[in-house]
Number of protein chains: 2
Amino acid sequence: MSTFDIKTIGAIGAARPRPAGSDADASPCGACTVRHLTICAPLEDHELSEMNRIVSSLELDPGDPLFDEGEPANAVYNVTAGAIKVYKLLGDGRRQVTGFLFAGDFLGLANDDIYAYSAEAVTHATLCRFQRRKLEVLLERYPRMEKRLLGMASHELAVAQEQMLLLGRKTAKEKLASFLLNLSKRLVQRGQKGNPVSVPMNRTDIGDYLGLTTETVSRTFTQLRQSGIISLNNGGKVEIHDRDVLEEFAQGF
Amino acid sequence: MSTFDIKTIGAIGAARPRPAGSDADASPCGACTVRHLTICAPLEDHELSEMNRIVSSLELDPGDPLFDEGEPANAVYNVTAGAIKVYKLLGDGRRQVTGFLFAGDFLGLANDDIYAYSAEAVTHATLCRFQRRKLEVLLERYPRMEKRLLGMASHELAVAQEQMLLLGRKTAKEKLASFLLNLSKRLVQRGQKGNPVSVPMNRTDIGDYLGLTTETVSRTFTQLRQSGIISLNNGGKVEIHDRDVLEEFAQGF
DNA sequence: CGTGAAGTTGAGTATGCTCAACGGTGGTGG
DNA sequence: CCACCACCGTTGAGCATACTCAACTTCACG
């Protein structure tokens, strides 16, 4: 894994983060459609102008890296659209995707000023970037935001523990059932329809997230499809026919 | 899993949390030997008296439950001595231990007022108990503590991600190597010798933590022993002979 | 259409699980 | 004091789930 500073990514050319269009730049925070989900939720409208001053917008294409494990953690991010994956690697290249992030999700919290994982775009995605030091000043002034951040971190922690249960103790079928239900729930949380479920990531990413190979993911999809529990539509849409059975699988009965 | 209120545990008789001896009660926080590791770290000496007022001490025997998943989260805890395990269960009883906690470690942060996991003593253990509502008042007054809590949560998050990598992508040998090195590092962090490593939990707990069966844990210990990398001493002590090889296993080379 | 990447399916295999037996140890009660 | 018992850890044999390697299909995109 190369370790390079986020500020030079554009120059390297592997990624092409670019400033978002002028529309968004005019009053990005005021126009933010996912504010209630982000770290900005506790701020009053008139306080957003301060946010505007320290935030910058960012756009990524599929496969573009956002940052790499080990890199100095100079910024934190809020996803405003699209999907991001975060992952860790072993020495021989084995990969564990520790999470998929969608609009409203937060990433980049680093304990010791070094990112503990890498982040990369799954789909075309837009993000808000907060310079770490400037954000810290703001947090000092608005303890509400710090509280919000703690709430988000402790939610992340609960999600991580659920994922450990999945990785350590569930079968392939149970893993995939849990995964689909999770995606569905997160869509609903964002006010979208929870069925059919949009599955924007490929089989390799799903496998690396669930601790499986692509082949096993594919076979398990087939198995669920042939049981009539789901169907696979075009454009990565999965239609859930029997949510109850899926729930039973997910909970290990 | 039964869900009962922590306050009634004593009456039920499954557990026997009891107030610690009068020595500790006199000025528990002032005498705390692990304060620098806890949420109390940022408090000045003269502020500890406030802490004293909202904290109570607690003692558990091996196997005693502290709280159960799903229970209302009325308190958070700091371990002051001994070892605690936290775990989640599937419907059919499969178990995933999501962490082992030692002196200085913190548990009980709950996002939605409900514990997301169960906690139980591994060895004889002592803990500080903070009533949630009272702690919140204190956090309001000391943003430093809130910041500290955020730091601890984000550290936990990094640890959780490392564990996901282990569960999803490491072999049995790599899992056990990582586990032993982790225990060793945590001993060193607490100012103790990192070798030999005290391993107070049994094979079942280790298996449930690493996503393995007891038999596989046992076989893998034997394998590492026969390779001369470790030896198993009395009293659950593991002596590490070749840390470098263990590190290589743990990092997946 | 042609090409390359992604997904699916098949055959054989290996890692770790299941089931079972056995040995050591510590606690208990006769 | 010692026999007994329960629990824990270890080891063995056989097995199953998911992996590896490979071929083939589908799809997106030029």
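The sequence lines fix the lettering, A, B, ..., with proteins before strands; numbering per chain opens at 1.
- Taking the six-membered ring for Trp and thresholds of 30 and 60 degrees, A:Tyr115 and A:Phe67 have nearly parallel ring planes, at less than 30 degrees apart.
- Here the C1' atom of nucleotide C:dG7 and the CG atom of A:Leu212 are 16 Å apart, to the nearest Å.
- Nucleotides of DNA chain D nearest to A:Lys170 and A:Asn234 differ in position, and the one nearer the 5' end is that of A:Lys170.
- For the pair B:Thr171 and C:dT15, the criterion of a side-chain N or O lying under 4.0 Å from OP1 or OP2 is not met.
- At a threshold of 4.0 Å, the pair A:Arg243-A:Glu248 does not count as salt-bridged, since none of the basic side-chain nitrogens sits closer than that to a carboxylate oxygen.
- If you measure from atom CG of A:Asp208 to atom C1' of C:dG7, you get 15 Å, rounded to the nearest angstrom.
- Spacing between atom NZ of A:Lys173 and atom P of D:dA18 amounts to 10 Å, rounded to whole angstrom units.
- You'll find that the side chain of B:Arg203 is closest to D:dT10, out of C:dT8, D:dT10, D:dA18.
- One interatomic measurement links the two molecules: CD of A:Gln226 to C1' of C:dT9, which rounds to 11 Å at whole-angstrom precision.
- In this structure, the nucleotide among C:dT18, D:dT10, D:dC19 sitting nearest to the side chain of B:Arg219 is C:dT18.
- Residue contacts for B:Gly236: at a heavy-atom cut-off of 4.0 Å it reaches no nucleic acid atom on any strand shown.
- Distances shown here put every side-chain N or O of A:Thr222 at or beyond 4.0 Å from the OP1 or OP2 atom of C:dT8.
- We find that CZ of B:Phe221 is positioned 16 Å from P of D:dC8, with the value rounded to whole Å.
- Nearest-nucleotide assignment on DNA chain C puts the 5′-proximal partner with A:Asn202, out of A:Asn202 and A:Arg169.
- In this structure, the CD atom of B:Glu215 is 18 Å from the P atom of C:dT15, given to the nearest Å.
- If you measure from atom CG of B:Leu176 to atom C1' of D:dG9, you get 14 Å, rounded to the nearest angstrom.
- The side chain of B:Ser218 contributes no N or O atom lying less than 4.0 Å from OP1 or OP2 of D:dG9.
- Side chains of B:Ser178 and B:Lys170: a donor on one and an acceptor on the other come within 3.5 Å.
- Ion pairing between a basic and an acidic side chain is recognised when a charged N comes within 4.0 Å of a carboxylate O; B:Asp105 and B:Arg190 show such pairing.
- Geometric assessment of A:Arg95 against the ring of A:Tyr87 yields a positive cation-pi assignment under the 6.0 Å and 45° thresholds.
- At the heavy-atom level, B:Leu210 lies nowhere under 4.0 Å from the strands shown.
- Salt-bridge formation is detected for the pair B:Asp208/A:Arg169: a Lys NZ or Arg NE/NH1/NH2 atom is positioned less than 4.0 Å from an Asp or Glu carboxylate oxygen.
- B:Gln223 places its CD atom 15 Å from the C1' atom of D:dG12, with the value rounded to the nearest Å.
- For the pair B:Glu71 (side chain) and B:Asp68 (backbone), a donor-acceptor distance under 3.5 Å is present.
- Axis orientation changes by 40° from one end of the helix from C:dC1-D:dG30 to C:dG30-D:dC1 to the other, with each end axis drawn from 5 pairs and the value rounded to 10°.
- Taking only side-chain nitrogens and oxygens, B:Thr213 never comes nearer than 4.0 Å to OP1 or OP2 of C:dG16.
- Between A:Arg225 and A:Glu239 no salt bridge is recorded (no basic side-chain N to carboxylate O distance below 4.0 Å).
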